[in-house]
Protein chains: 2
Amino acid sequence: MSSCETCVVRNRAICAGLDNQEINALNAIGRRRNVSAGEPLIWEDDDSLLVANVIEGVLKLTTSTEDGREQIVGVAYPSDFIGRPFGQTSKASVVALTDARVCVFSRNDFDRFARSHPGLEHKLLERTLAELDRTRSWMMLLGRKTAPEKIATFLLEMSERLAETGCTPITRGPATRFTLPFSRQQVADVLGLTIETVSRQFTKLKNEGVIDLPARRDVEILDRPSLVSLAG
Amino acid sequence: MSSCETCVVRNRAICAGLDNQEINALNAIGRRRNVSAGEPLIWEDDDSLLVANVIEGVLKLTTSTEDGREQIVGVAYPSDFIGRPFGQTSKASVVALTDARVCVFSRNDFDRFARSHPGLEHKLLERTLAELDRTRSWMMLLGRKTAPEKIATFLLEMSERLAETGCTPITRGPATRFTLPFSRQQVADVLGLTIETVSRQFTKLKNEGVIDLPARRDVEILDRPSLVSLAG
DNA sequence: ACGCGGCTTTGATCGGTGTCAATCGATCGG
DNA sequence: CCGATCGATTGACACCGATCAAAGCCGCGT
C-alpha cells in the first residue's frame, strides 16, 4: 500500500503552516485506513502505537469501568486528531460510530515528524487546547445539569457540530434537521444517563412540539429558542 | 516591578528544551504576582488577556450556570499552566484556593514568544495533552460513578497529586496524610455532588476506619486498599 | 468567658433517575 | 407475507442523592 496523498491534502486544517515539502514528508509516513461502523481503532490502555487524523465519518472516544459502565469522553469528526502523541498509553478506546476513513501514522513516526515541524506542532496545540475547552464545558454538563438540560444541550451541540463538520448538507449555521451518529445507548453514554431516561426525554420534547423525530436517528428542531432555554 | 527571574527558573518543567537566552527572554515578559486564597485571577468569558504559570499554591478552574450552580473543571498545582493561549476568551474562571504565587504573562506577549520558540510550544503541547487525559478520566467519574466511588477516587487522586506537586512534606509515593486545599463545598463542586452528600460519605469512611479526619481539612488514609476497591 | 458567624454535620423527607420488565416497531431473511 | 431479531419505548417501582431544616463545632473579636 502506498502513502495516502489525499489523507493530508484533504485536511487543510492540519496542513496550514506546512510547506509542500513538509506535506510530502508527512504523506510518506501516513497510511489511509477504512474503518466500518462499530469497528475499534484503538483500545483503552493499549500501548499508544497509533495516531490518526479523521478524514470522513465520526468516531467515539470512551473509557469504561471494569463492571461495564461506559462513558463517551469525546467525539472525533472530520479533521480531528485521535490517539495520543508523546504518550506511552492511550487512555481511551476509539471506535467508529459511522463508516469512517482515517489517515493513520505510527506514533513513533508521527512524534519524530512533529518535533521537527513546529508548524504542525502549533496546529496540534491549538486543536488540543480547543478540545480541552470543549471537554471542560462537558464536565459542567455531566456534573451539574439535569436530564432535560443535558438532552437540550446535546441536541444544540449536535446541530452545530454536524453542520460545521460537513456531516449534514447544510454548511452555514446550525442544522435544523440532522441524523445522529449515535444510538440511544450511545447518547446515554455521552450524557451520563440511561437509555430509558434518554428515550423518555426525547419523547417528552416531541410531545411538547420542540423537536420532531421522523426516524430512529433523525432529529428536526422545531423550536430552537425553547431548546436554548431548556439547555440552561 | 522588574521581570520575575525566579518565576521561570523555579519551573524546570517549562524550561526544559529552552536555552539560557530563551529563558532570559521569557523572564523579560513575565511578572510575578501573589494571589491570596479566594482571590480570582481570571473571570469566565473574560477576554483572555492573561496566561500564567503556577509557582506555588493551588487554584481552581470553574464554570458556572446562570442560576449559580458551579462545577470545578480543573485544579492547577505548581508548574501547571493556566489561561488560554491562542484563544479569544477564557472559558473558565480561575480562583486561588490557597495563597498562591504565579508568573503572569500578557497573552499577546506569550503567544508571540511561544510561536517563535518551538521548545516551549512542545512542552506546552505535552502538558495540554496530559491535562486532557486527566480531564477525560474525570468525565468518567462525573458521568458514571456513584457518590462513594467519587469520594474514594477523589481521596486517592488528592493523595497522589499533593505529594507529587510538593504540597505535602512527603515526596516519594502517594501521601497517607495531607491537608485538602478544598472546603467541603469545593469538594462537592469537583465531584458533582452536594455538600451534604460529601460530608456523609466522609463520616461513613471515617466510621468504617478507612480514613481519619483529624481536622476540618485534614485527611489520613488508614486503609488504602479499601479505598482503591471502593474507587472502582 | 461569651456570643457571634461561618462551615460542617446530622436528620427527615422528597423527587429525579435508575432498574427491571414488558411491549412496541422496524428491518431483514426465508 | 411472516416470524426472528434488535433497538426503542413505555410502565411500575425502588433507591440514591438532593433538598430543606436544625443542630453542632470551631475560631474569632470583644
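All chains are named by letter (A, B, ...) in the order of the sequence lines, taking the proteins before the strands, and each is independently numbered beginning at 1. Note that the structure is predicted; figures quoted are calculated from it, not measured.
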*Name the residue closer to the 5' end of DNA chain D, choosing between A:R144 and A:V198 according to the nucleotide with the nearest heavy atom.*
A:V198

*Do any pairs count as a salt bridge (Lys or Arg N to Asp or Glu O under 4.0 Å) and have a residue in residues 217-227 of chain A, sequence neighbours left out, and if so which ones?*
A:R177-A:E220

*Using whole Å, report how far CG of A:N207 lies from C1' of D:dT9.*
12 Å

_Residue-phosphate contact under 4.0 Å: A:T197 side-chain N/O, C:dT17 OP1/OP2_ = no

*Do A:F81 and A:F110 have ring centroids that are under 6.0 Å from one another?*
yes

*Does A:R216 have a side-chain nitrogen or oxygen under 4.0 Å from the phosphate oxygens OP1 or OP2 of C:dG25?*
no

*Over how many whole Å does the gap from A:K150 atom NZ to C:dG18 atom P extend?*
7 Å

*asked:* A:L132 and side-chain contact (heavy atoms from CB on, under 4.5 Å): which single residue from B:L129, B:V73, B:L132 fits?
replied: B:L132

*Within the modelled atom types, does a donor on one side and an acceptor on the other bring the side chain of B:R200 and the base of D:dT19 under 3.5 Å apart?*
yes

*Take atom NZ of B:K145 and atom C1' of D:dC16, then tell me their distance rounded to the nearest Å.*
18 Å

*asked:* Could you check, using the six-membered ring where one of them is a Trp, whether A:F154 and A:F202 have ring centers closer than 6.0 angstrom?
replied: no

_Gap between atoms CZ and P, on A:R69 and C:dT17 respectively (whole Å)_ = 18 Å

*Using atom CG of A:L193 as one end and atom P of D:dG17 as the other, report the distance to the nearest whole Å.*
15 Å

_Base D:dC20 to side chain B:E196, donor-acceptor N/O within 3.5 Å cut-off_ = yes

*Under 4.0 Å between a side-chain N/O of A:T194 and OP1 or OP2 of C:dG18, yes or no?*
yes

*How long is the line joining CG of A:D67 and C1' of C:dG18, in whole Å?*
14 Å

*C:dC7 base to B:Q185 side chain: any donor-acceptor pair below 3.5 Å?*
no

_Whole-Å gap separating C1' (C:dT8) and CZ (B:F182)_ = 18 Å

*Any Lys/Arg nitrogen of B:R69 or A:E149 sitting under 4.0 Å from an Asp/Glu carboxylate oxygen of the other?*
yes

*So, is B:T203 near the phosphate of C:dT10, with a side-chain N or O under 4.0 Å from OP1 or OP2?*
yes

*asked:* Distance check needed: C:dT10 C1' versus B:I195 CD1, whole Å only.
replied: 12 Å

*Candidate nucleotides C:dG18, D:dG17, C:dT8, ranked by approach to the side chain of B:A147 - the nearest*: D:dG17

